[in-house]
Amino acid sequence: MSDKHVLDRRSIPTIQIHDTPDEVASAAAEQVQRQLKRRADSVFALPTGQTPLSLYAELARRCRDGELSFSEARTFNLDEFVHIPPDSPLSFESYMVHHLFSHIDIDLTKARLPNGNAPDLHAECREYERAIAATGGIDLAIVGIGRNGHLAFNEPGTSFTSRTHVVQLSPTSREAFASEFGGIDRVPKLGITVGLGTILEARRIILLALGPDKAAIIARALQGPITVDVPATILQQHPNVLVILDRSAASRLHLAS
Ligand code: PGA
């Protein structure tokens with residue numbers, strides 16, 4: 001393979017490295033605020049997990065202080081468990097209400113998550129894709145990364161062209177939820193996730209990662225070979241990715257001095 005070919009298929013993401021998680025949150029909030037200023041009815045794809053918690057707290061603060069408004073924004077969450085009641089504290093829907101939606105001025109009819117309790121899950125996946133497309137597409141997707149390189153619930157081996165689909169959660173992903181659910185055996189085995197193809201179609205993507213546990217996978221995702229074994233390597237094929245890290249998550253990257 002010629003060097004030229006390699007250069008053609010890889011984009012170098014912009015990487016910001018901050019001293020503290022709070023600075024990561026503020027840098028990411030700044031990007032959201034700019035996006036809303038550009039277009040009040042922007043379409044966001046949103047993650048759950050530990051990583052975005054301080055971002056959501058910062059967005060709530062900025063909304064409360066009148067620095068930004070989500071009143072016209074539309075949001076699509078990246079994933080949800082299958083067969084966890086939406087009002088269970090363990091659902092991603094509850095997470096979003098608790099950590100973000102109840103603190104901002106968003107119109108809740110415009111804030112969607114995949115419905116993991118739909119009678120026909122495959123029809124729900126098609127409808128979710130249709131709803132995203134009907135908005136004109138995602139302006140800004142904010143994603144975290146799993147220690148196995150998953151993006152949303154797209155586990156290693158997922159096709160780069162996948163659309164919203166039902167997924168069998170990997171042991172690594174289920175393990176990450178074991179303490180919340182009171183044991184890995186109680187963690188759902190299935191989820192719904194937007195696909196890697198869906199994420200790659202977003203106009204801009206922000207990848208957030210914090211802490212030393214993410215250092216190895218961040219280095220593989222951003223500087224390793226592009227492979228379905230590490231779903232996040234797909235980000236190297238997107239022309240507009242901003243990676244926002246704290247120092248420990250960035251510690252294994254090879255950075256030009
Ligand atoms: P975390 O999860 O933010 O809780 O580390 C990220 C992910 O698994 O995508």
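Whatever order the structure lists them in is the order used to number ligands and atoms, beginning at 1.
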Practice prompt. Measure the distance from atom 3 (O) of ligand 1 to every protein heavy atom, then report the residue, atom name and distance (to 0.1 Å) of the closest one.
Written response: T51 OG1, 2.5 Å
Practice prompt. List every atom of ligand 1 that sits less than 4.0 Å from any heavy atom of G49, numbering the atoms from 1 in the order shown and giving each element.
Written response: 3 (O), 4 (O)
Practice prompt. Answer yes or no: are there more than 12 heavy-atom neighbours, outside R39 itself, under 6.0 Å from its atom CZ?
Written response: yes
Worksheet item: Looking just at side-chain N and O atoms, do H150 and S170 make a donor-acceptor pair shorter than 3.5 Å?
Response: no
Discussion item. Please list, in number order, the atoms of ligand 1 under 4.0 Å from a heavy atom of G146.
Written reply: 7 (C), 8 (O), 9 (O)
Worksheet, complete the sentence: atom 4 (O) of ligand 1 has as its nearest protein heavy atom Q50 N, 2.9 Å
Discussion item. Ignoring hydrogens and geometry beyond distance, is a side-chain donor-acceptor pair present between E58 and S26 at under 3.5 Å?
Written reply: no
Fill in: Nearest-neighbour protein heavy atom for atom 5 (O) of ligand 1, which is reported as residue plus atom name and distance
K214 NZ, 2.6 Å
Worksheet item: Side chain, backbone, both or neither: which part of I145 comes within less than 4.0 Å of ligand 1 when only heavy atoms are counted?
Response: backbone
Worksheet item: Looking only at N/O atoms, are T48 and ligand 1 under 3.5 Å apart anywhere?
Response: no
Worksheet item: Is there a heavy atom of R147 sitting under 4.0 angstrom from any atom of ligand 1?
Response: no
Worksheet item: Any idea which heavy atoms bring R220 and T233 closest together, and the distance?
Response: O-CG2, 3.6 Å
Worksheet item: Which residue holds the protein heavy atom closest to atom 8 (O) of ligand 1, what is that atom called, and what is the gap in Å?
Response: H150 NE2, 2.7 Å
Fill in: Which atom of E124 lies closest to which atom of L113, heavy atoms considered
OE2-O, 4.3 Å
Discussion item. Would you call the rings of H98 and H103 parallel, tilted or perpendicular, taking 30° and 60° as the class edges?
Written reply: perpendicular
Discussion item. Do V230 and I205 land in one hydrophobic cluster if side-chain heavy atoms of ILVMFWY residues count as linked below 4.5 Å?
Written reply: yes
